[in-house]
**Student:** 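I'd like to ask you about the structure that follows.
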There are 2 protein chains.
Amino acid sequence: MERLYQHFESYIRLSKPLKSELNNRLKSKTFAKGELILDASQVCKESYFIQQGILRAYFLKDGKEVSEFFCGTNEWMNSPKSYMQQTTDIYYIDAIEETSTLSLNVNDLVFLFDNFPEMERYARLSMGSVFGHLMERIASMRFTSAKERYLNFKQIYADIYPRIPLGMVASYLGITQETLSRIRAEK
Amino acid sequence: MERLYQHFESYIRLSKPLKSELNNRLKSKTFAKGELILDASQVCKESYFIQQGILRAYFLKDGKEVSEFFCGTNEWMNSPKSYMQQTTDIYYIDAIEETSTLSLNVNDLVFLFDNFPEMERYARLSMGSVFGHLMERIASMRFTSAKERYLNFKQIYADIYPRIPLGMVASYLGITQETLSRIRAEK
DNA sequence: ATGATTTTTTGACATAGGTCAAAAATTATC
DNA sequence: GATAATTTTTGACCTATGTCAAAAAATCAT
């Protein structure tokens with residue numbers, strides 16, 4: 001729990017009452033390696049703050065899994081549109097390794113938004129960070145080679161990179177597994 | 001002003017006091033075609049709600065302009081990171097055609113955030129929409145051909161497409177002007 | 001309108017990365 | 001620890017898109 005508090009406090013000051021509400025509402029959940037956490041046919045009801053492990057969001061394209069993003073320690077994983085708008089979306093979520101999380105139900109989040117304006121601020125500010133990453137990712141897709149994207153990924157996600165199967169990294173980078181394999185063979 | 005109110009009300013209910021604060025703080029600004037509105041060496045102090053016209057955010061890569069995004073009627077234009085964090089960033093902003101805007105200073109925005117929690121909510125929700133667009137753009141960069149991206153752009157931005165020079169569209173799509181020219185010649 | 005800029009198109013050629021298929025290596029299971 | 005399943009690598013070949021250069025067309029300014 002401490003880590004989650006720290007995460008919040010990098011954006012807002014956590015009041016006692018808010019802390020205690022969070023405490024009441026967050027549930028511990030652990031997932032086994034390979035476990036499917038969200039199916040694309042379902043609406044995403046929970047957001048998972050990862051304490052240990054790696055979760056992956058992916059979708060199916062021509063029957064194949066395409067990895068959209070990975071989340072590691074101290075990050076929230078959910079199916080963004082599905083969670084925020086309570087509709088279905090294309091994303092599946094699974095566990096790349098055994099993963100322990102704190103889970104926040106969407107109804108609890110709504111309660112917090114309605115009663116703690118600082119939660120709205122937290123959400124706005126933390127979305128801002130993700131926003132920046134998305135813009136960088138767009139830029140990298142537009143202007144950098146497969147090799148550069150790979151090297152960049154390895155550097156940025158140094159902690160989780162060695163734990164993610166190659167094929168998943170390739171689809172994340174928008175290249176084929178074969179190409180990624182050749183890039184790695186190079187040097 | 002009415003259009004801006006409508007825009008807000010698609011996300012939140014606008015109270016009388018908030019309306020009047022907005023009224024006091026928004027300034028009309030008009031830009032001539034081709035006018036540079038923000039230089040990358042400056043911190044972005046204003047966000048512009050476009051009433052008429054098109055603004056463009058771009059950056060320089062190897063001395064060439066690369067268009068990052070375009071904003072048309074009823075959209076906010078600013079240099080996101082620069083505006084929200086009051087740092088410099090890579091983006092320039094210019095006017096593709098004569099454009100009239102309502103301008104909101106960052107200090108006024110901060111005031112509104114601090115005094116009207118619903119402004120935080122508005123910001124969170126409207127960022128959510130942009131978020132969705134960014135994710136789609138990433139997907140399109142990863143998995144669709146130059147031609148598909150072009151056709152999609154033409155469809156989504158049907159209103160502004162014919163008013164934007166080809167070279168700017170090409171760099172937005174992450175392709176060369178020559179390739180775009182050939183795609184258009186095809187059919 | 002007329003010449004000067006700017007934008008768009010066309011041509012010839014190069015190459016990064018894709019596809020399909022099979023072998024090799026790694027990992028999981030009994 | 002042996003066999004099966006999965007993941008990664010390698011090979012042969014192909015194609016979409018990039019690069020560089022120049023012509024054509026469109027737009028702008030006097």
Side-chain angles (χ1 to χ4, degrees), chain A residues 31-36 53-54 56 58 60-67 70 94-98 137-154 160-187, chain B residues 31-36 53-54 56 58 60-67 70 94-98 137-154 160-187:
Chain A
F31 302 102
K33 176 173 182 168
E35 185 174 348
L36 187 68
I54 304 173
R56 171 179 72 130
Y58 67 93
L60 296 179
K61 181 182 168 66
D62 308 328
K64 287 184 168 179
E65 295 180 1
V66 174
S67 299
F70 306 99
D94 67 2
I96 288 188
E97 55 187 41
E98 171 157 337
R137 193 164 169 202
I138 290 170
S140 88
M141 291 304 305
R142 285 199 294 178
F143 299 112
T144 65
S145 65
K147 180 171 186 176
E148 288 173 297
R149 296 205 296 278
Y150 162 71
L151 291 174
N152 188 52
F153 179 85
K154 234 173 79 166
I160 61 172
Y161 165 72
R163 301 186 264 156
I164 303 177
L166 202 63
M168 292 184 186
V169 173
S171 72
Y172 174 87
L173 296 174
I175 59 182
T176 61
Q177 187 168 332
E178 295 93 322
T179 296
L180 183 51
S181 175
R182 288 188 175 102
I183 287 169
R184 300 199 330 154
E186 273 180 39
K187 63 155 201 183
Chain B
F31 303 101
K33 175 173 185 169
E35 184 174 349
L36 186 68
I54 304 175
R56 170 178 73 131
Y58 67 95
L60 295 180
K61 182 181 169 66
D62 309 327
K64 287 183 168 180
E65 297 182 0
V66 173
S67 299
F70 307 99
D94 67 0
I96 289 189
E97 55 187 40
E98 171 157 336
R137 193 164 168 203
I138 290 170
S140 88
M141 291 305 304
R142 285 200 294 179
F143 299 112
T144 65
S145 65
K147 181 172 184 177
E148 287 173 297
R149 297 205 296 279
Y150 162 70
L151 291 174
N152 188 52
F153 179 85
K154 235 175 76 166
I160 62 172
Y161 165 72
R163 300 186 265 156
I164 303 177
L166 203 60
M168 293 185 186
V169 172
S171 71
Y172 174 86
L173 296 175
I175 59 183
T176 61
Q177 187 169 331
E178 295 92 324
T179 295
L180 183 52
S181 175
R182 289 188 174 104
I183 287 168
R184 300 199 328 155
E186 274 182 38
K187 63 154 204 184

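Chain letters run A, B, ... following the sequence lines, proteins first and then strands; every chain starts at 1. Here the structure is a predicted model, which means the values were calculated and not measured.
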**Student:** Report the residues that fulfil side chain to side chain donor-acceptor pair (under 3.5 Å) with A:E97, sequence neighbours left out, ordered by chain and then residue number.
**Tutor:**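 Listed in chain order: A:R163.
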**Student:** For DNA chain C, what residues of residues 162-177 of chain B have any heavy atom nearer than 4.0 Å?
**Tutor:**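 Residues of residues 162-177 of chain B that come under 4.0 Å of DNA chain C are, in numerical order, B:P165, B:L166, B:G167, B:Q177.
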**Student:** Can you pull every protein N or O that's under 3.5 Å from an N or O on nucleotides 12-16 of chain C?
**Tutor:**
none

**Student:** Round to the nearest Å and state the distance from A:F143 atom CZ to D:dT17 atom P.
**Tutor:** 15 Å
**Student:** Rounded to whole Å, how long is the line connecting atom NZ of B:K61 with atom P of D:dG18?
**Tutor:** 13 Å
**Student:** Could you give the CG-to-P distance, from A:L180 to D:dT9, as a whole number of Å?
**Tutor:**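 A:L180 atom CG is separated from D:dT9 atom P by 8 Å.
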**Student:** Any side-chain N or O of A:S181 less than 4.0 Å from the OP1 or OP2 oxygen of D:dT9?
**Tutor:** yes
**Student:** Using side-chain heavy atoms (C-beta onward) and a distance below 4.5 Å, is B:R56 in contact with B:I164?
**Tutor:**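 Side chain of B:R56 against side chain of B:I164, heavy atoms only: no contact under 4.5 Å found.
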**Student:** Within the structure provided, determine whether B:F70 and B:Y161 are in side-chain contact (heavy-atom separation under 4.5 Å).
**Tutor:**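 Contact flag for B:F70/B:Y161 side chains = no.
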**Student:** For a side-chain contact (heavy atoms from CB on, under 4.5 Å) check, start with the C-alpha distance between B:I160 and B:I96, then their side-chain angles and the critical distance, and finish with the verdict.
**Tutor:** CA-CA 10 Å; B:I160 62 172; B:I96 289 189; over 6 Å; no
**Student:** Using distance alone, with no hydrogens and no angle criterion, decide if A:S140 and A:R149 have a side-chain donor and acceptor under 3.5 Å apart.
**Tutor:** no
**Student:** Can you check whether A:R184 has a side-chain N or O nearer than 4.0 Å to OP1 or OP2 of D:dT8?
**Tutor:**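 Checking A:R184 against D:dT8: no side-chain N or O falls below 4.0 Å of OP1 or OP2.
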**Student:** How would you list, by chain and number, every residue that makes a ring-ring contact (aromatic ring centres under 6.0 Å, His included) with B:Y58, sequence neighbours excluded?
**Tutor:**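 ring-ring contact (aromatic ring centres under 6.0 Å, His included) check on B:Y58 returns B:Y92.
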**Student:** With a 4.5 Å limit on heavy-atom distance, are the side chains of A:R184 and A:Y150 in contact?
**Tutor:** yes
**Student:** Donor-acceptor pair, B:S67 side chain versus B:Y172 backbone, under 3.5 Å?
**Tutor:**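 Side chain of B:S67 to backbone of B:Y172, a donor-acceptor pair under 3.5 Å: no, none is there.
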**Student:** Which nucleotides of nucleotides 24-30 of chain D have their base under 4.0 Å from a protein heavy atom (B), which only their sugar-phosphate (S), and which neither (-), written as one string 5' to 3'?
**Tutor:** ----S--
**Student:** Using 0.5 Å steps for rounding, measure from the CE atom of A:M141 to the CG atom of A:L173.
**Tutor:**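 Rounded to the nearest 0.5 Å, the CE-CG separation comes to 8.0 Å.
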**Student:** Rounded to 10°, tell me the angle between the two end axes of the helix from C:dA1-D:dT30 to C:dC30-D:dG1, each built from five pairs.
**Tutor:** 60°
**Student:** Side chains of B:E35 and B:D94, heavy atoms from C-beta outward: is any pair under 4.5 Å?
**Tutor:** no
**Student:** Let me know the distance between CZ of B:R142 and P of C:dG17, rounded to the nearest Å.
**Tutor:** 16 Å
**Student:** Give the rounded distance in Å between these two atoms: CD1 of A:I183 and P of C:dG18.
**Tutor:**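 Going from A:I183 (CD1) to C:dG18 (P), I get 8 Å.
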**Student:** Set out, in order, the CA-CA distance, both residues' side-chain angles and the distance that settles side-chain contact (heavy atoms from CB on, under 4.5 Å) for A:T144 and A:N152, then state yes or no.
**Tutor:** CA-CA 10 Å; A:T144 65; A:N152 188 52; over 6 Å; no
**Student:** Between A:S145 and A:E148, do the side chains contain a donor N or O and an acceptor N or O under 3.5 Å apart?
**Tutor:**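 Short answer, yes.
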**Student:** Just verifying a value: how many Å separate B:K61 NZ and B:S171 OG, rounded to the nearest 0.5 Å?
**Tutor:** 11.5 Å
**Student:** Let me know the distance between CD of B:E178 and C1' of D:dA21, rounded to the nearest Å.
**Tutor:** 10 Å
